[in-house]
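Reviewing the structure listed below.
Positions are given from 1, in the same order as the sequence printed here. The structure presented is a predicted model; accordingly, all values stated were derived computationally and were not measured.
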Amino acid sequence: MESVAFGAVPTPLGQLAVAVTEVGLAALIWGDTPERRAGAARRLGLPMADGDPDGRTAGVLTELTRYFAGELRSFSVPVDWRLLSPVQQRVLGTLHGRVPYGRAVTYGELAEMSGGGVPARAIGSIMGANPIPIVVPCHRVVAGDGLGGFSGGTGVESKRWLLTLEGYLQPMLDWEM
């Protein structure tokens, strides 16, 4: 019987939980609580595994740890796209496959890269609904006139932190007056 296993990893942006099915990573959750895990299992329509009996979370937890340490630039863990509509999967799949570490695209550029049919204004909604942030890097999609929004972690500050980690943004100086 199919199930979802959960694991968690501490990061500079707080505790992240992962939900991994037999297919792959299906959700990354900002803040690890029993309620959030149960909600992810409900959305997936799968029972929660008793722990992680087959070790399926180990790969993604290792890769996330290496990413946040600045040692990993490309995730290789398999992704389970089941929480996404075909349009969301096309757009997020394009992002996942074509926008590498250290780069960013605008909402309009991603709309065009995704094959058309999705207006640029809808790209932001798709990014906000991304169940697998960081691994499917919605933080790499920016507005033409700034960073745009971000619904993970502490919002735009988390996006800024991720883009700085990847070298897309220069570190900000902390000035004390």
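- Cluster membership check: Leu72 does not share its hydrophobic cluster with Tyr168, using side-chain heavy-atom separations under 4.5 Å among Ile, Leu, Val, Met, Phe, Trp and Tyr.
- For residues 8-29, every residue pair satisfying the side-chain hydrogen bond (donor to acceptor under 3.5 Å, both in side chains) rule, not counting sequence neighbours, is listed here: Thr21-Asp80, Glu22-Arg56.
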Less than 3.5 Å apart, which donor and acceptor atoms pair up between the side chains of residues 38-50 and the rest of the protein, not counting sequence neighbours?
from: Arg43; atom 1: NH1; to: Gly39; atom 2: O; distance (Å): 3.3

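- Residue pairs meeting the side-chain hydrogen bond (donor to acceptor under 3.5 Å, both in side chains) criterion with at least one partner in residues 86-104, sequence neighbours excluded, are Ser85-Gln88.
- The backbone N or O of Val141 lies less than 3.5 Å from a partner atom in the side chain of Lys159, making a donor-acceptor pair.
- Met127 and Val156 fall into different hydrophobic clusters, defined by Ile, Leu, Val, Met, Phe, Trp and Tyr side-chain heavy atoms under 4.5 Å apart, directly or through other members.
- At a threshold of 4.5 Å between non-hydrogen side-chain atoms, the residues Leu64 and Ile134 count as touching.
- Taking CG from Asp52 and CG from Leu61, the interatomic distance works out to 8.0 Å, rounded to the nearest 0.5 Å.
- Side-chain contact between Trp161 and Thr154 is absent, with no heavy atoms from C-beta onward closer than 4.5 Å.
- Between Arg73 and Glu166, none of the side-chain N atoms (NZ, or NE/NH1/NH2) sits under 4.0 Å from a carboxylate O, so this pair counts as no salt bridge.
- When all heavy atoms of Leu16 and Trp30 are compared, the pair lying nearest together is CD2-CE3, 3.4 Å.
- Shown are Leu25, Leu28, Val77; of these, the side chain to side chain contact (heavy atoms under 4.5 Å, CB included) with Val20 is made only by Leu25.
- By the salt bridge (charged side-chain N to carboxylate O under 4.0 Å, His left out) test, Glu63 is found to be paired with no residue, residues two or more places apart in sequence or in another chain being considered.
- The line from CZ of Arg140 to CG of Leu95 is 7.5 Å long, rounded to the nearest 0.5 Å.
- Looking at every heavy atom in both residues, Val91 comes nearest to Val118 through CG2-CG2, 4.1 Å.
- In the hydrophobic clustering of this structure, Val9 does not group with Phe6; members are Ile, Leu, Val, Met, Phe, Trp, Tyr whose side-chain heavy atoms approach within less than 4.5 Å, directly or through other members.
- Taken to the nearest 0.5 Å, the CG atom of Leu92 stands 11.5 Å off from the CG atom of Leu83.
- Taking both residues in full, the closest heavy atoms of Ala26 and Pro131 are given as O-CB, 3.9 Å, listed atom of the first, atom of the second, then distance.
- With rounding to the nearest 0.5 angstrom, the SG atom of Cys138 is 11.5 Å from the CD1 atom of Ile126.
- Linking ILVMFWY residues whenever their side-chain heavy atoms come closer than 4.5 Å, directly or via other members, leaves Leu13 and Leu147 in distinct clusters.
- Residues in residues 107-133 take part in no salt bridge (charged side-chain N to carboxylate O under 4.0 Å, His left out) pair, two or more places apart or across chains.
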Requested in this report: Report the C-alpha distance between Thr33 and Arg37 in whole Å, list the side-chain angles of each, state the deciding distance to 0.1 Å, and finish with yes or no for side chain to side chain contact (heavy atoms under 4.5 Å, CB included).
Outcome: CA-CA 6 Å; Thr33 66; Arg37 288 183 180 206; over 6 Å; no

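- Partners of Ala69 under the side-chain contact (heavy atoms from CB on, under 4.5 Å) rule, at least two apart in sequence or in another chain, are Glu71.
- The minimum heavy-atom distance between Gly144 and Thr106, with the atom names listed, is CA-CG2, 4.1 Å.
- When all heavy atoms of Asn130 and Ile132 are compared, the closest pair comes out as OD1-N, 2.8 Å.
- Val136 is not connected to Ile29 by any chain of hydrophobic side-chain contacts under 4.5 Å among Ile, Leu, Val, Met, Phe, Trp and Tyr, and they are in different clusters.
- Tyr107 approaches Gly149 most closely through the heavy-atom pair OH-N, 3.5 Å.
- Aromatic ring pairs are classed by plane angle as parallel below 30°, tilted from 30° to 60° and perpendicular above 60°; the pair Phe75 and Tyr67 is tilted.
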